[in-house]
There are 2 protein chains.
Amino acid sequence: MLLNHMVEFQTPHLDAVFHALSDPTRRAILYRLTEGERTVSELATPFNMSLAGASKHIKVLEGAGLVRRHVQGRTHYCQLEAARLAEAQEWLRTYERFWTTRLDNLEEILREEDRASARSSQQSPSSTAKSDKTSRSTK
Amino acid sequence: MLLNHMVEFQTPHLDAVFHALSDPTRRAILYRLTEGERTVSELATPFNMSLAGASKHIKVLEGAGLVRRHVQGRTHYCQLEAARLAEAQEWLRTYERFWTTRLDNLEEILREEDRASARSSQQSPSSTAKSDKTSRSTK
DNA sequence: TCGATGGTCAACCATTTGGTTTAATATATT
DNA sequence: AATATATTAAACCAAATGGTTGACCATCGA
């Protein structure tokens, strides 16, 4: 507990946000909302569950601050609210160096090897990186 | 659109990862592991809970692929395994354009177009979730 | 005003979660 | 061999989760 870094303290929402994201239905709902505002029943339709069930999922997302709703007549319009997602990403950034720096280091190493040994392929036998096969995505 | 369907439905890890991250104890354990390898009891001590309780948390992290352990004698050493965190961040990146500035937004859009053209695999847009849009409830 | 539509609420149910305590297992240490 | 240490396993518990159904409320359209 003493170890709890700022990141932990500054983000009291993380429990709710990560919990909300841990359900595939809710993630699908969020994705749906990237296309624009949707009503509760519009959000519910693709899923093979009752409207009440979907409504509960939406409420979880709302409770986590990931969805905002505005009621208009009997219709509830839902909107993506991304700020908390940004917080989640910010939390993850703390760990970025554990997958980026290793790749960057690998890049560096390869570049150096390329320069130093003009083509004597050396496989380090006791390499610390157990597997640097992590596929780098686009970019 | 299709790409995000892939993101949604091709990554069953996300359920486990986000669930694992939804607990503050587990997040603290992960943070602790950024400082290096730690044994189970080392990880457990800061928390006001039984060793067995902490052990269970570690197993959840392990099950989500966020922690690797190697046993040496009676001691279990735990190590951060960040790849799945990278996957989570990758998922979040889909939503980045909803919180970044307009300029970044433009950048993101261009990058997305880049990606989309990179894998010019198009497909019927009706490939939805695990469940067909079987209409609900005639009741 | 009446009926259909959009949604929530409440009660219920099975399963999971987060925690406990008390063994049990495996390895060190003396 | 005996004992201490590191950790898991098993049984248990209360609370939360994900889902259902049925009743209810509000509102839109005729």
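None of these values were measured; they are calculated from a predicted model.
Taking the salt bridge (Lys or Arg N to Asp or Glu O under 4.0 Å) definition, one finds that B/Glu62 meets it with B/Arg69, sequence neighbours left out. With sequence neighbours left out, B/Arg26 forms a salt bridge (Lys or Arg N to Asp or Glu O under 4.0 Å) with no residue at all. Partners of B/His19 according to the side-chain hydrogen bond (donor to acceptor under 3.5 Å, both in side chains) rule, which considers only residues two or more places apart in sequence or in another chain, do not exist here. Not counting sequence neighbours, the partners of A/Arg68 by the salt bridge (Lys or Arg N to Asp or Glu O under 4.0 Å) test are A/Glu81.
Taking atom CZ on A/Phe18 and atom P on C/dT17, their separation rounds to 17 Å, with Å as the unit. One atom, CG of A/Asn48, and another, P of D/dG18, lie 17 Å apart when rounded to the nearest Å. Atom C1' of nucleotide D/dG18 and atom CD1 of A/Ile58 are separated by 14 Å, given to the nearest angstrom. The distance from atom CE of B/Met49 to atom C1' of C/dT20 is 11 Å, rounded to the nearest whole Å. Between A/Asp15 atom CG and C/dT17 atom P there is a gap of 15 Å when expressed in whole angstrom units. For B/Leu51 and C/dG18, the CG to P distance is 17 Å, given to the nearest whole Å.
Inter-residue side-chain proximity for A/Leu43 and A/Leu33 is flagged as met; some heavy-atom pair is nearer than 4.5 Å. For the pair A/His70 and A/Glu37, the minimum side-chain heavy-atom distance is below 4.5 Å.
Taking the six-membered ring where the residue is Trp, B/Tyr95 and A/Tyr31 present perpendicular rings, their angle passing 60° and hence far from 30°.
A donor and an acceptor atom, one from each side chain of B/Gln89 and A/Gln89, are nowhere located under 3.5 Å apart.
Between B/Ser41 and D/dA6 there is no side-chain N or O to OP1 or OP2 distance below 4.0 Å. For the OP1/OP2 pair of D/dT7 and a distance below 4.0 Å, the side-chain nitrogens and oxygens of B/Lys59 include no atom meeting the criterion.
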Evaluation steps, side-chain contact (heavy atoms from CB on, under 4.5 Å), between A/Leu30 and B/Trp91: CA-CA 11 Å; A/Leu30 282 187; B/Trp91 183 87; 4.1 Å; yes

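Of all nucleotides listed (D/dT7, C/dT21, D/dG19), D/dG19 comes nearest to the side chain of A/His57.
Toward the 5' end of DNA chain D, the nearer of the two residues A/Gln72 and A/Ala54, judged by each one's closest nucleotide, is A/Ala54.
Using a 4.0 Å cutoff on non-hydrogen atoms, the parts of residues 73-81 of chain A near DNA chain C are A/Arg74, A/Thr75, A/His76, ordered by number.
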What N/O pairs connect the protein and nucleotides 11-17 of chain D at under 3.5 Å? Give each pair on its own line.
none

